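Here the structure is laid out as structure tokens; the discussion comes afterwards.
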Amino acid sequence: MAASPVPLPPHVPVLIVGGGFAGLTAALCLHQQGIDYLLIERHPGTSVLPKSRSLDLRSMEIFRELGLSVALREAGRALALAWGVLRGPNLAEALATQPPANAERVTHPSQLAVFERLAAQSPESGARCTQDLAEPVLRQAAEARGGDLRFYHELLHFEQDADRVTATVRDRATGTEHTLTADYLLAADGANSPTRRAVHAATSGRGSLGHYLNVYFEADLTEPVRGREFSMFLLQEPDVTGFLLAINNTDRWSLHLRYYPEKGQQPADFTGPVLQDLLHRVLGLPELPLRILSALPWEMAVRTVEQEQFGRVFLAGDAAHTMTPYAGKGAATGVQDVHNLAWKLAAVLRGQAGPALLATYSPERQPIGAFFAHLSGDMADSHGFIDPAKMKEHGLALLGLPDYTYRSAAILAADNQLTTPANALPLAGQPGTRLPHLWLDDAHTASTLDGCRGRFGLVASGAAAPWRARCSPAADGLLVVQELPATARLAWQQLTQTQPDEALLVRPDGFLAARLPSTVTAADLATHLRQVLCL
């Protein structure tokens, strides 16, 4: 006899709508904060399509904090060599006549300089891992940590008042409908977000850049590709336009075939035999056995919301900023959105912060999502293809060093009104920037970024004892005081331009709230924390 399904709870602190990258990361971040949640996802499981293929450096720092960076890197190991862009009438000819596409990544001086700069400023590096492999890692971790995840459940309707969100959820397997309440709703329900439409969120951006059919297929190209691995192959023929993405550079591939609704073309026109012929033509190998796994339409578009908070409803990921795949930031910006939001929700729910703290989410994150969404559109040429020259031009920003500054009420800085995206600042301890990275041991296993892990931190530039004394009455258990090894202090002081008796106040998301001089008293520290928490 089958076990009865566990009923949905009548109330949850946070209802997460969407079980993709952003939603699953939100679940993990809320668990880290000790906050209960319910995640619902309308599909029966995680993504079956590779779609997103990369996680930038900042996202991997977040997954390091959550204990998942190694697992994600291993899950995407087969894609690690997928770099570079090929062009031609078919793949076989491009492989035979063009230099290896991935060679420039490791030999070009400008690229070497980029990687050297990244390596010096982070304990992590970007990773290649397709969405169909990454999301199960996140889901399994969330479930193993006790999360309440309900796949094949959809949000039918919601409304909110000053105190709560009331939501109607349907179990798609049984058709049963449930009504529950939540303190907050976090919408990570994708580019076609019903939640975004329900809150009437205004959007801006270039809009549609074209319609594509994502054809995911199997074809053994191990030998033609060996030693000539690539990331993308661009095909532009008079009657066929699209791009081929490597999934594992052996037998899994994804062709994004452009079609034109304005000319009367529809996805249904591309039947199995039609796609078989097109794939053989794109590959340039007419006799190669292949098997189509799926073919789903999607729209390449740039659309960003102007606000990411609507009362007790928050938009994150693709629901807030839809972008082309060319910047590799779709998953990354969603991961970073919810990492920014989770600690703020937790602080308010625990009564440690004022509701105004939540109003800092949109000013901090909306400009970042909008910047990368617009950049992704700018990287498309007139045919909707990626422009490799622009990819090189924006290499550092695309790889994910967080060279931006948050400005909001949760940052104690003179100019606290606007977020500054991608301004190539050196990470040297400025309020609003990510805490600088410094290795704390010769083996390069412990970083300054590892010290707080979801809590407020004080990083002392010298001895920590005086700062612990100030924290005891002020912080009420909020703060972790990080004392650097004596061997690392001089390098830290030089990196951050701090004196031995100074400290940096770090928010739970790893961004600096303030620089604290030696004159700060316990009462001052309490005041600073109250300001950051919007009390």
Side-chain angles (χ1 to χ4, degrees), residues 50-51 53-54 78-108 111 128 130 209-260 265 270 273-293 295 298 300 324-328 376 379-395 398:
K51 294 194 287 185
R53 298 185 302 152
S54 62
L79 194 58
L81 294 177
W83 294 87
V85 178
L86 296 171
R87 292 176 181 265
N90 61 68
L91 178 62
E93 182 172 324
L95 288 169
T97 61
Q98 297 178 27
N102 63 4
E104 187 170 319
R105 174 177 177 252
V106 295
T107 61
H108 195 281
Q111 294 297 305
R128 311 305 299 273
T130 55
L209 276 72
H211 292 79
Y212 289 80
L213 195 65
N214 181 352
V215 186
Y216 186 31
F217 67 100
E218 284 183 346
D220 188 357
L221 294 168
T222 305
E223 291 310 315
V225 171
R226 191 187 305 276
R228 309 182 70 84
E229 289 82 5
F230 65 94
S231 175
M232 182 184 299
F233 166 66
L234 304 180
L235 173 77
Q236 185 182 350
E237 292 292 285
D239 56 339
V240 183
T241 299
F243 54 94
L244 179 73
L245 298 179
I247 303 305
N248 61 7
N249 266 300
T250 55
D251 65 349
R252 293 285 177 118
W253 311 89
S254 181
L255 173 66
H256 293 263
L257 179 68
R258 186 165 185 178
Y259 67 95
Y260 299 86
Q265 294 180 339
F270 297 91
V274 170
L275 289 177
Q276 288 269 346
D277 289 343
L278 281 169
L279 289 172
H280 280 129
R281 178 177 171 184
V282 170
L283 297 177
L285 299 167
E287 304 302 322
L288 181 71
L290 55 83
R291 181 166 72 98
I292 297 171
L293 302 175
W298 66 283
M300 185 183 293
T324 81
Y326 297 151
S376 79
M379 291 175 66
D381 64 19
S382 60
H383 303 288
F385 279 175
I386 189 170
D387 184 335
K390 291 183 178 179
M391 182 171 62
K392 294 176 185 176
E393 176 186 347
H394 298 290
L398 300 182

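What you are looking at is a predicted structure, and each value in this text was computed from that prediction instead of being measured.
- Annotation for A94 and L86: closest pair CB-CB, 4.3 Å, computed over non-hydrogen atoms.
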message = L279 vs L288, test: side chain to side chain contact (heavy atoms under 4.5 Å, CB included). Steps then yes/no.
response = CA-CA 10 Å; L279 289 172; L288 181 71; over 6 Å; no
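- The distance from atom CG of L257 to atom CG of L244, rounded to the nearest 0.5 Å, is 11.0 Å.
- F270 contributes atom CZ, which lies 12.0 Å from atom CD1 of I292 (distance to the nearest 0.5 angstrom).
- Residues Q265 and L213 fail the side-chain proximity criterion, which asks for heavy atoms closer than 4.5 Å.
- L285 is not listed as a side-chain neighbour of L290, based on a closest heavy-atom distance of 4.5 Å or more.
- Considering all non-hydrogen atoms of both residues, L275 and A295 come closest at CD1-CB, 3.9 Å.
- Shown here are the salt bridge (charged side-chain N to carboxylate O under 4.0 Å, His left out) partners of E223, two or more places apart in sequence or in another chain: R226.
- Within the 4.5 Å cutoff, the side chain of R53 has heavy atoms near those of the S231 side chain.
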request  = Quick one: do L91 and L221 satisfy side chain to side chain contact (heavy atoms under 4.5 Å, CB included)? Show the steps, please.
outcome  = CA-CA 10 Å; L91 178 62; L221 294 168; 4.0 Å; yes
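- Closest of all the heavy-atom pairs between L209 and A380 is CD2-CB, 3.9 Å.
- Rounding to the nearest 0.5 Å gives a distance of 9.5 Å between CZ of R128 and CD1 of I247.
- When all heavy atoms of L95 and P224 are compared, the closest pair comes out as CD1-O, 3.9 Å.
- Ring pair H256/F243 is parallel by interplanar angle, where below 30° counts as parallel and above 60° as perpendicular.
- Side-chain atoms of E229 come within 3.5 Å of backbone atoms of G227 as a donor-acceptor pair (strictly under, hydrogens ignored).
- Under the salt bridge (charged side-chain N to carboxylate O under 4.0 Å, His left out) criterion, E218 pairs with R252, R291, not counting sequence neighbours.
- A pairwise comparison of heavy atoms in P325 and W298 identifies CD-CH2, 4.0 Å as the closest pair.
- For the residue pair N214 / S254, a side-chain donor-acceptor distance below 3.5 Å is found, with atom types taken as modelled.
- At a threshold of 4.5 Å between non-hydrogen side-chain atoms, the residues L255 and L235 do not count as touching.
- Relative ring orientation between W253 and F230 is described as parallel, the plane-to-plane angle staying below 30° on a 0-90° scale split at 30° and 60°.
- Closest of all the heavy-atom pairs between F233 and V282 is CE2-O, 3.9 Å.
- Checking side-chain atoms of T324 against main-chain N and O of M300 turns up no donor-acceptor pair under 3.5 Å.
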